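To find a chain, count down the sequence lines: A is the first, B the second, and so on, and within it residues start at 1. Model, not experiment: these values are computed from the prediction.
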Amino acid sequence: MPTNQDLAAIFEQISHLLELTGADKFRVNAHARAARAIADCSTDLMSIAHDRAALMAIDGIGPRIADKIREFAETGSIKEHQDLLKEVPSGLLEVLAVPGLGPKTVRVLWKEKQVKSLDDLKRIIADGSIMELPRMGEKTVQNIRESISFMEQSSGRMPLGMAMPIAESVLERLRAVKGVHAADFAGSLRRGRETIGDLDFVAASDDPKSVHAVFTAMPEVEKVLASGESKCSVRLKVQGRRIQADLRVVPPESYGAALLYFTGSKEHNVRLRERALRMGLTLNEYGLFPLDDAPTPPQARGVRAVAGKTEESVYQHLGLSVVPPELREDRGEVSDGWQPPKLVELKLIRAELHAHTSASDGTLSIDQLAEMAEKRGFHTIAVTDHSQSSTLANGLKPERLRAHIRSIREAAERHKRITILAGAEVDIHADGTLDYDDELLAELDIVVASPHASLRQDPALATRRLVAAVSHPLVHMLGHATGRLLGRREGLHPDIKAVAEAAAAHRTALEVNANWLRLDLCDVHVRTALEAGGENALIAIDCDVHHPADFDQLRFGVMTARRGGLPADRCVNCWTARKLHAWLKSKR
DNA sequence: GCCGTTTTCGGCCCGACTGTTTTCAGTCG
């Protein structure tokens, strides 16, 4: 059964193929927008494909796209897509993916030089015949050559958890530059997306040159891609991985507008600008200005901005609530009356409910775990080592678990300022049964049930498996529901809506595993779970601690949960000790 | 192809930078 992601990929491809045929750019954009809407949609579109009105209710999907979705659901393909694939060589899509090559150029390469693939492109670069094309000089060709090599060496987008420390290290240096009032990272990193295309930085200074100088001279800069009056772009090489980084320096009075602009998303910005126009204003990265007919930008003519020093001022002048960065994705947040939910925040987390010790595959002792959790201001830490089936992870047989429970109770006596829960991360077998019997499970304060094996299971089976687990009366939480590993393993494709409904009915929490390789549930799943579970939906955010540094993964889980719109009061880790413990006991 | 405080047609955000041009097209975010 195809997923929304599969469908989104097809519409994205249609949009690229249309671009290459030279189609109307608004039509191209409409398909790209539909692809995003589909990828972000929390309802499984295959299940409502017959309902044209329901499809068209989704922003960005009109009558034509709705028909194509139904066609896909009924026949397994879309004729327009197939026709485009016959017309346009599919190898051109990888040529289009080369940084610096856009649809116009790729089309010329195709029509004039019969380039149909990346290999063809390399060939006409090697034999020099690419130079016969218009606007192709030495530098352009050299840039294309380097872009191809960059693309071949980098494996696409960088995981959030890998990008964050790089960004913070750069930021530290930018903030130290004399004359810099403020600096932040922006872009998809600030929005907390699970993968990052490039790093964006914004700095406030009246002396852009000195900031640029520091930025371009950093030791990890491999190449300066662009360097102008107000922005510059470099390619970084850090621990063998390459990533592009862009810096924009603006005067302090424009800082908020620039941060807003560079944080995006692009679609969110477009909505803001459209709204500004309707209000007789124009928004750019320097501020919000009165609209006039002059051809030059307002800031260049000394026009005074009505807002721009802070992001808040811009939203306020547009009559909007301030939108948290994680929710700036054009999902209706730019509209009258929209109010942000009281989102979960890192500082509100008071408990870690998924942690391993050296009894299974962790490196910490129970005491060390407790001390580290206490130092973070937590009122509760759950010790949840692996169950017997996870042999590779040194999972505990029942007799070892019983001894472990005794050790945990003893440790609890030594640590009076934090509650140490005796728990387990129990394997969910492929058929939905659990890895310990009920009698043993009942001895535990907390049971986290997680899938670890059979992760290529059929979606319908996976759904039944997870529904069975969350419906089990002794289970408190479903750990990393899909078992995916970012860029390494797809994991299960369960019907999250069904799992979330069952979980809510049994007051079982669904975990957002904060490990940046997992981020599982993902943002879309969190939103699905909240919608499906309603008032009873419970979400946990846990670090799945194996090593001391794992506690620091929490922020990635929080960002992911915020992207899913998780309010703090639905997050069990934010609850008071009394409320959390009462919920746990209610299942005993 | 979508959408509506410009509403069933006619719009659809805005600016910076590069390279190849002699005034701007293409790309990017």
Donor + acceptor pair across side chains of A/Asp6, A/Thr3 (<3.5 Å)
yes
Integer angstrom distance from the C1' of B/dC9 to that of B/dC14:
25 Å
Check the side chains of A/Glu312 and A/Gln316 for a donor-acceptor pair under 3.5 angstrom, ignoring hydrogens and angles.
no
Listing time: all N or O pairs from protein to nucleotides 5-9 of chain B that are below 3.5 Å?
none

Are a donor atom and an acceptor atom from the side chains of A/Thr263 and A/Arg190 found within less than 3.5 Å of each other?
yes
Nearest to the side chain of A/Ile65, which nucleotide is it out of B/dG1, B/dC24, B/dG29?
B/dG1
Starting at NZ of A/Lys266 and ending at C1' of B/dG15, how long is that distance when rounded to a whole Å?
13 Å
Do A/Val88 and A/Leu17 have side chains that get closer than 4.5 Å, going by heavy atoms?
yes
From NZ of A/Lys223 over to C1' of B/dT18, roughly how many Å is that when rounded to an integer?
12 Å
If you assign A/Asp246 and A/Ile58 each to the DNA chain B nucleotide with the nearest heavy atom, which residue ends up on the more 5' nucleotide?
A/Ile58
Under 4.0 Å, heavy atoms only, any strand: does A/Arg248 hit a base, just the sugar-phosphate, or nothing?
sugar-phosphate
Donor + acceptor pair across side chains of A/Gln299, A/Ser254 (<3.5 Å):
no
Against the side chain of A/Ser230, the closest entry in B/dC17, B/dG19, B/dG29 is B/dC17
Of the listed nucleotides B/dC2, B/dT20, B/dG15, the one nearest the side chain of A/Asn284:
B/dG15
Does the side chain of A/Asp207 pick up a donor-acceptor pair with the side chain of A/Ser205 at under 3.5 Å?
no
A/Asp198 has a side chain; which of B/dC13, B/dC17, B/dG29 sits nearest to it?
B/dG29
Taking atom P of B/dC14 as reference, at what distance in whole Å does atom CD of A/Glu285 sit?
11 Å
For a quick check of understanding: with a heavy-atom distance under 4.0 Å over all strands, which category does A/Pro99 fall into, base, sugar-phosphate or nothing?
sugar-phosphate
Between B/dT18, B/dA16, B/dG1, which one does the side chain of A/Ala30 approach most closely?
B/dG1
Between CD of A/Gln299 and C1' of B/dG15 the distance, given in whole Å, is 8 Å
Would you confirm whether A/Thr560, through its side chain, and A/Asp523, through its main-chain N or O, come within 3.5 Å as a donor-acceptor pair?
no
Salt bridge or not for A/Arg64 and A/Asp67, using N-O below 4.0 Å?
no
d(CZ, A/Arg275; P, B/dG4) in whole Å:
13 Å
With distance as the sole test, does A/Thr105 use its side chain to make a donor-acceptor pair with the main-chain N or O of A/Leu101 at under 3.5 Å?
no
Taking any heavy-atom pair under 4.0 Å as a contact, classify A/Ser233: base, sugar-phosphate, or nothing.
nothing
Rounding to the closest angstrom, what is the interatomic distance between B/dC13 and B/dT20 at atom C1'?
27 Å
Just checking A/Arg27: base, sugar-phosphate only, or nothing, at a heavy-atom cut-off of under 4.0 Å?
base
Give me the distance, rounded to whole Å, that separates B/dC28 from B/dT23 when you measure between the P atoms they each carry.
25 Å
Would you mind reading off the distance between A/Glu274 atom CD and B/dC14 atom P, rounded to a whole angstrom?
9 Å
Distance check, P atoms only: B/dT5 and B/dG19, in whole angstrom units.
44 Å
Check the distance between B/dC14's C1' and A/Leu288's CG and give it to me in whole angstrom.
13 Å
Separation of the C1' atoms in B/dT6 and B/dC12, to the nearest angstrom:
12 Å
Please report the distance separating the C1' of B/dC24 from the corresponding atom of B/dG10, rounded so that it comes out in whole Å.
28 Å
When you get a sec, tell me which of B/dC13, B/dT20, B/dT27 is the closest nucleotide to the side chain of A/Lys139?
B/dT20
Residue met sooner reading DNA chain B from 5', once A/Val270 and A/Gly102 are mapped to nucleotides
A/Val270
For A/Asp24 and B/dG10, give me the distance from atom CG to atom C1', rounded to whole Å.
12 Å
Can you tell me if A/Thr282 touches the phosphate of B/dC13, counting only side-chain N or O atoms and a distance under 4.0 Å to OP1 or OP2?
no
Is A/Lys68 near enough to B/dG1 that one of its side-chain N or O atoms lies under 4.0 angstrom from OP1 or OP2?
yes
Between the base of B/dC12 and the ring of A/Phe26 - centre-to-centre under 5.5 Å, planes within under 30° - is that a stack?
yes
Out of B/dG19, B/dG15, B/dC14, which has the shortest distance to the side chain of A/Arg135?
B/dG19
Under 4.0 Å between any heavy atoms, over every strand shown, what does A/Asn143 touch: base, sugar-phosphate, or nothing? Just pick one.
sugar-phosphate
Would you indicate what A/Gly60 reaches in the nucleic acid, counting non-hydrogen atoms under 4.0 angstrom: base, sugar-phosphate, or nothing?
sugar-phosphate
C1' atom, B/dG15 versus B/dT22: distance in rounded Å?
23 Å
Partner of B/dT8 by Watson-Crick or G-U wobble geometry, both contacts under 3.5 Å, or none?
none
Testing B/dG29, B/dC2, B/dG1 for proximity to the side chain of A/Glu80, the answer is B/dG1
Walk me through it: do A/Arg301 and A/Thr296 pass the test side chain to side chain donor-acceptor pair (under 3.5 Å)?
CA-CA 7 Å; A/Arg301 291 175 279 124; A/Thr296 50; 3.1 Å; yes
Of all the nucleotides listed (B/dG26, B/dT20, B/dA16), which has the minimum atom distance to the side chain of A/Lys104?
B/dG26
Is a donor-acceptor pair below 3.5 Å formed from side chain A/Tyr261 to base B/dG29, judging by atom type as modelled?
yes
